[in-house]
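Quick caveat, the model's predicted, so the values are computed rather than measured. We number each residue from 1, following the sequence as shown. What's counted below: heavy atoms across the whole structure, side chains too, no hydrogens, waters or symmetry copies.
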Amino acid sequence: MTIHKLIILRHGESQWNHENKFCGWIDIPLSEKGKQEAIYAGELIKKHNLDPDILFTSKLVRSIETGLTILEVLHKPWIDHIKTWRLNERHYGKYQGRDKHEVFVELGKDKEKFQYIRRNYHGLPPLVEVGEDASIDQRYNDILNKDILPRGESLLMVMERLIPFFKYEILDNEMIQKNKTVLIVTHGSIVRSLIKYLNHVSDDDISKINVPTGIPLVFELNDRGELVKPYYYLDKEKAEKGIAKVKMEGLETNRPSNGKL
């Protein structure tokens, strides 16, 4: 039986991750910590003797920069690199660019309501008005029907634009038919969506899954695209610390009590 390996990770920490803001489709670069996380991700992949044949990233710089850094560490900058908006982060609508804790306060410090919008499968942020989304720029000029681009998304909506592309272009074509080891460097909501799809996580339970920055996780699949063993992080201890941090985002301010950063 052929075992196909899929390596997926959330990009290294971005500057707005550091500042506790909703990034979404806004193009924010990696922080210095994020750049180091990208290098470490490459070292982990190399240490575990994983050898990707093709790289998929979103159209956003924090994803692209992390992916290219990993390829440099692996001495494989020449492999094919596919960029697609289908791997973009969830669009957070009018919350994009907003401080997460400020949104939490705006919602009356209602933890259940905040987490519903942030983590529930059906949770939907307020939509951006038509024609007012500055994050839709020239990188999407090749998309003739701009109506398919989101103005805000739930995780359900993310999966509707992601999973057909993943299933047919990545899983069936590159992994199973061409037997390639695939590296996907993407975003937290995309990783959660792929975990849900590949691991058959229920709509309710996906709200409990958080994803750290910069730690690769590996899926081993058979020719039917089924998991042959549980997916795993290449640094479990560091992943668990990152998951705990992500879980609390927005519920606590990242500013000291004197108001200084």
Side-chain angles (χ1 to χ4, degrees), residues 1-12 38 41-60 62-90 142 155-202 206 209 211-236 239:
M1 178 178 65
T2 303
I3 302 299
H4 307 279
K5 292 188 177 181
L6 171 65
I7 310 159
I8 303 176
L9 71 146
R10 183 184 178 191
H11 58 80
E43 291 171 345
L44 282 174
I45 291 170
K46 187 175 183 179
K47 177 183 176 182
H48 287 81
N49 298 313
L50 296 168
D51 190 20
D53 301 300
I54 187 169
L55 168 66
F56 285 84
T57 69
S58 73
K59 291 267 192 176
L60 302 170
R62 57 193 186 271
S63 165
I64 296 167
E65 186 177 357
T66 301
L68 294 180
T69 298
I70 289 171
L71 294 188
E72 288 180 11
V73 173
L74 298 176
H75 306 295
K76 297 190 72 171
W78 42 266
I79 69 171
D80 289 338
H81 177 190
I82 310 299
K83 307 179 191 74
T84 172
W85 72 273
R86 304 277 179 181
L87 289 170
N88 273 20
E89 175 61 291
R90 172 188 173 193
D142 61 333
L155 195 66
L156 168 62
M157 295 164 71
V158 170
M159 293 190 70
E160 287 175 342
R161 50 102 161 167
L162 165 69
I163 297 305
F165 176 85
F166 171 76
K167 184 179 186 305
Y168 295 108
E169 298 297 330
I170 299 179
L171 182 58
D172 292 349
N173 185 34
E174 298 295 344
M175 292 184 63
I176 295 174
Q177 293 185 36
K178 297 180 181 178
N179 196 26
K180 291 183 179 179
T181 296
V182 172
L183 170 62
I184 300 177
V185 181
T186 182
H187 306 265
S189 295
I190 301 299
V191 178
R192 293 175 68 233
S193 296
L194 293 174
I195 289 173
K196 186 181 191 312
Y197 175 71
L198 293 169
N199 211 45
H200 305 292
V201 178
S202 71
I206 192 59
I209 293 178
V211 178
T213 56
I215 306 295
L217 60 160
V218 178
F219 297 80
E220 297 186 15
L221 308 165
N222 62 23
D223 283 336
R224 295 185 297 275
E226 300 166 337
L227 283 172
V228 299
K229 61 188 293 187
Y231 68 89
Y232 53 95
Y233 282 98
L234 295 185
D235 186 333
K236 184 178 179 181

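Minimum heavy-atom separation, L9 to P216: CB-CA, 3.7 Å. Residues S63 and T57 share a closest heavy-atom pair of OG-CB, 3.2 Å. Nearest heavy atoms, T181 versus D51: CB-O, 3.6 Å. Looking at every heavy atom in both residues, R161 comes nearest to W85 through NH1-O, 3.3 Å. Contact between V158 and S193 at its shortest, heavy atoms only, is CG1-OG, 3.7 Å. The nearest pair of heavy atoms linking V182 to I184 is CG1-CG1, 3.9 Å.
Side-chain atoms of K83 never come within 3.5 Å of backbone atoms of I64 as a donor-acceptor pair (strictly under, hydrogens ignored). E89 places a side-chain N or O within donor-acceptor distance of the main-chain N or O of S189, the cut-off being under 3.5 Å. Here the side chain of N88 pairs a donor or acceptor atom with the backbone of K59 at under 3.5 angstrom. Looking only at distances, a side-chain donor or acceptor of H4 sits under 3.5 Å from a matching main-chain atom of M175. In this structure a side-chain-to-backbone donor-acceptor pair under 3.5 Å is present from N222 to R224. Side chain of R192 to main chain of I209: a donor-acceptor pair is present (N/O by atom type, distance under 3.5 Å, no hydrogens or angles).
At least one side-chain heavy atom of I170 sits less than 4.5 Å from a side-chain heavy atom of F165. Put simply, the side chain of L55 does not reach to within 4.5 Å of the side chain of I70, judged on heavy atoms. A 4.5 Å side-chain heavy-atom check between L74 and I79 finds every atom pair outside the cut-off. Contact check for V211 versus H187: no side-chain heavy atoms found under the 4.5 Å cut-off. Side chains of L221 and L227 form a contact here, defined as non-hydrogen atoms less than 4.5 Å apart.
Annotation: the span from M157 atom CE to R90 atom CZ amounts to 9.5 Å, rounded to 0.5 Å. Note that the OH atom of Y232 and the CD atom of E220 stand 4.0 Å from one another [nearest 0.5 Å]. With values rounded to the nearest 0.5 angstrom, F56 atom CZ is found 13.5 Å from I190 atom CD1. The distance from the NZ atom of K47 to the CG atom of D235 is 7.5 Å, given to the nearest 0.5 Å. To the nearest 0.5 Å, atoms CG (L87) and CG (L162) are separated by 6.0 Å.
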Verdict with reasoning, V228 to M1, per side-chain contact (heavy atoms from CB on, under 4.5 Å): CA-CA 10 Å; V228 299; M1 178 178 65; 4.1 Å; yes

Test log, rule side-chain contact (heavy atoms from CB on, under 4.5 Å), inputs I195 and F219: CA-CA 9 Å; I195 289 173; F219 297 80; 3.9 Å; yes

Test log, rule side-chain contact (heavy atoms from CB on, under 4.5 Å), inputs I8 and V185: CA-CA 6 Å; I8 303 176; V185 181; over 6 Å; no

From CA spacing to verdict: side-chain contact (heavy atoms from CB on, under 4.5 Å), E169, E174: CA-CA 7 Å; E169 298 297 330; E174 298 295 344; over 6 Å; no

